[in-house]
2 protein chains.
Amino acid sequence: MATTIDDVARAAGVSTSTVSYVLSGKRPISAPTRQRVERAIRDLGYRPHAGARALASSRTDVIGLMAPLRVDVDVAVIMQFVTGVVTAARTFDHDVLLLTSDEIAGMERVAFGSMVDAFVMLDVEAEDPRVPVLAELSQPAVLIGLPRDPEGLSCVDLDFAAVGRTAVAHLASLGHRRVALVGSPRAVMERHTSYAERLVEGFTLGAADAGVRGVVEPCEASSAGAADAVARVLADQPDVTGLVVHNELALPWVLSALRERGLRVPDDVSVLAVCPPDVALAQPLPMTSVEIPAHTIGRVAVEMAMARVERHEPAEIRLLPPQLVERSSTAPPAR
Amino acid sequence: MATTIDDVARAAGVSTSTVSYVLSGKRPISAPTRQRVERAIRDLGYRPHAGARALASSRTDVIGLMAPLRVDVDVAVIMQFVTGVVTAARTFDHDVLLLTSDEIAGMERVAFGSMVDAFVMLDVEAEDPRVPVLAELSQPAVLIGLPRDPEGLSCVDLDFAAVGRTAVAHLASLGHRRVALVGSPRAVMERHTSYAERLVEGFTLGAADAGVRGVVEPCEASSAGAADAVARVLADQPDVTGLVVHNELALPWVLSALRERGLRVPDDVSVLAVCPPDVALAQPLPMTSVEIPAHTIGRVAVEMAMARVERHEPAEIRLLPPQLVERSSTAPPAR
DNA sequence: GTGAAAGCGCTAACAC
DNA sequence: GTGTTAGCGCTTTCAC
């Protein structure tokens, strides 16, 4: 299609600006004119040239999505965030430019090159080097996660501290007095990944509040890692009856490790997973879980970004309340 | 940065075109001039405006990546293709625009809007409705996968027919006479997903060639699905000693199902996986596998796309030869 | 080896 | 309610 806005204008017998305004809706157009223009657009199969539009309007209708693809984080979960963001972006007529590898350089290239209207950034660490850079850019940004200092950027995340508290509270209310958190891989913790730390904090405080003993074990994302973590939990606390697992990749292996030790779920030990619903349902036993609404978070991130772009709303921080779904993997402890 | 190419020209005491040519290298520039310009660019922190450049040159330096995020396909594998594409794109100074949901409309919007220089498309089906549309666009496209009729588009994929043959041949050479393929979910087969069908074909032919009995069972991507598939295989062929598993999500569950039936790998049954190397290594036992070089395929796809954009090379079809890596999950059958 | 200037296709004043 | 037109920032011919 080499058709331009002028072709359309000519075909419709109006001026270019009228076509432009029909397209943008930024000024009233009489019904007959609008119809003639829309007809011409359809007949010619006209599509505005994105570059020309970006040049003239300094809007690109593109959102930059930074998704660092680290090891040790479940890409399936990342992907849910990504699809959430892409789907939501489309509802705002935006496309998504994906940045993965050379994060910081990429941000600057894309920002200074005016390739995007806003950024959404996944997998934020407490002291994330990308945050100060992002804060300096002219485009607004929304972080999925919570750095120690957001520096005026918008943030959205599940309230992982509340997740930790909710999870312990559920086990405690069933009567469990000895519980453990099988958490993120050590590497994730050492990066001070924000969600992992907040979950541990909530879990620990929640355990104290409920008067139950709660230990925390990191867990590598492999069969052997899960077996190890389970072994360490049982060594430390042989009478444990409640497990919180926050590690999608390890979850199946934690369950096999328990089975291999002759521990039945939920009869001998209750297991509560912190994960997206589909992961909870893919296990041999439907898992009671605190849901990670990855799709929702992605959507909210885009909404927040667009609010800043379109209505210049101020940056805000939103922590979504956790939701517990009881399925078959938790029960009162055996007496 | 509101600095433009004119600011740079002024600072360097040259004309705008000279700056442009320094940037593009499209005509010789004397060393001193080049240095003054480069200095000015650095001092001012100048970055060309992507939209302006796209408008003037009708090149965007962006590749459109279509990654349909279907159920039943392992997103981890998809993600490997995606990162392969993104990483490769960067080596060509290109960024990646990600399309997921509204495939066909998205393609047209992005193509007619001149937002990308080329397309790469994942997860191609035999009769993929996106292919004819893609074939009509002015931008070149590379399919990862092989439709029945590529309609003049470039294609790249692992040679899955050869994978099937290689897998059976390996088992046969170890002495196995009764083998089975635990394959993709039924839904994937019913979509006539190209790789799944070609693998089955190669497996079947390979079995015939080697004079071994080979049955094929689809397998759902869940614990229960895997258990079912294993049950069906054993019902049909109780003396099976060799399994080929082409289903990343089900692989762990296939292994547990075997264990639960008291079948030891590789003592009682050899298992050969068709999967990316990291999946092969994440299992309880390092798996002998035919590798799916997702990262490589992604890279090759980008190289082919750029060859068409930059050098107008004709479309081609490349099937990458499979590579077998022996690890611990296959052995001669017990006597 | 370098410069001047004509667009690329669109938006958004500024007119009426 | 509609038209005219001056840019937006770059690339690339054409000229020297």
Side-chain angles (χ1 to χ4, degrees), chain A residues 1-38 40-41 44-62 93 109-115 117 138 310, chain B residues 1-38 40-41 44-62 93 109-115 117 138 310:
Chain A
M1 301 298 114
T3 76
T4 71
I5 199 171
D6 289 304
D7 298 332
V8 175
R10 212 168 303 122
V14 300
S15 71
T16 46
S17 60
T18 297
V19 178
S20 177
Y21 286 118
V22 166
L23 251 16
S24 70
K26 288 191 182 176
R27 81 179 181 191
I29 304 281
S30 71
T33 318
R34 144 164 298 117
Q35 278 160 19
R36 291 219 313 289
V37 171
E38 282 168 349
I41 289 177
L44 299 177
Y46 166 72
R47 305 280 189 139
H49 185 286
R53 172 175 275 185
L55 179 57
S57 67
S58 41
R59 289 255 281 148
T60 61
D61 292 358
V62 174
D93 282 318
R109 176 169 33 80
V110 159
F112 293 138
S114 301
M115 299 179 71
D117 293 340
S138 54
E310 293 178 344
Chain B
M1 297 300 111
T3 74
T4 73
I5 199 171
D6 289 305
D7 298 331
V8 175
R10 212 167 304 123
V14 300
S15 70
T16 47
S17 60
T18 297
V19 178
S20 178
Y21 284 119
V22 166
L23 251 17
S24 70
K26 288 191 181 174
R27 82 180 180 191
I29 303 282
S30 72
T33 317
R34 147 165 293 117
Q35 277 160 19
R36 290 219 312 290
V37 170
E38 281 168 349
I41 289 178
L44 299 178
Y46 167 72
R47 306 278 190 137
H49 185 285
R53 173 174 275 183
L55 179 56
S57 67
S58 40
R59 288 256 281 147
T60 62
D61 292 358
V62 173
D93 282 319
R109 175 167 35 81
V110 158
F112 293 138
S114 301
M115 298 179 73
D117 293 339
S138 54
E310 293 178 345

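To find a chain, count down the sequence lines: A is the first, B the second, and so on, and within it residues start at 1.
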Heavy atom of residues 16-26 of chain A under 4.0 Å from DNA chain C: which residues?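 Heavy-atom cutoff 4.0 Å gives A/S17, A/S20, A/Y21, A/K26.
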DNA chain C contacts made by residues 48-58 of chain B, counting heavy atoms under 4.0 Å: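 Heavy-atom cutoff 4.0 Å gives B/L55, B/A56.
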Write out all pairs satisfying side-chain hydrogen bond (donor to acceptor under 3.5 Å, both in side chains) with one or both partners inside residues 18-28 of chain A, taking only residues at least two apart or from two chains. A/S15-A/T18
Could you tell me the boundaries of the chain A footprint on DNA chain C, defined by atoms under 4.0 Å from its heavy atoms?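 Reading along DNA chain C, I get C/dG9 to C/dC14.
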Scanning both residues in full, the closest heavy-atom pair of B/D117 with B/D61 reads OD2-N, 2.8 Å
Please find the pair of heavy atoms, one from B/R109 and one from A/R47, that lie closest to each other, and give the distance.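 The answer is CA-NH1, 3.5 Å.
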Looking at B/L23, B/V22, B/T16, which one forms a side-chain contact (heavy atoms from CB on, under 4.5 Å) with B/V19?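 It is B/L23; the other options fail the test.
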Would you call B/V62 and B/V110 a side-chain contact if the rule is heavy atoms closer than 4.5 Å? no
Earliest and latest nucleotide of DNA chain D, 5' to 3', sitting under 4.0 Å from a non-hydrogen atom of chain B?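 Both ends considered, the range comes out as D/dG9 to D/dC14.
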Who passes side chain to side chain contact (heavy atoms under 4.5 Å, CB included) against A/A50, sequence neighbours left out? B/M115
Under the side chain to side chain contact (heavy atoms under 4.5 Å, CB included) rule, collect the residues that match up with A/A54, sequence neighbours excluded. A/T60
So how far is it from A/S114 OG to B/R53 CZ, rounded to the nearest 0.5 Å?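 If we round to the nearest 0.5 Å, A/S114:OG and B/R53:CZ are 12.0 Å apart.
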In degrees rounded to 10°, what angle is found between the helical axes fit to the five outermost pairs at each end of the helix from C/dG1-D/dC16 to C/dC16-D/dG1? 30°
Show the atom names and distances, to 0.1 Å, of all donor-acceptor pairs under 3.5 Å that link a side chain in residues 5-12 of chain A to residues at least two apart or in another chain.
residue, atom, partner, partner atom, Å
A/D7, OD1, A/R10, NH1, 3.4
A/D7, OD2, A/T4, N, 2.8

Go through the structure and list residues passing salt bridge (Lys or Arg N to Asp or Glu O under 4.0 Å) with A/R34, not counting sequence neighbours. A/E38
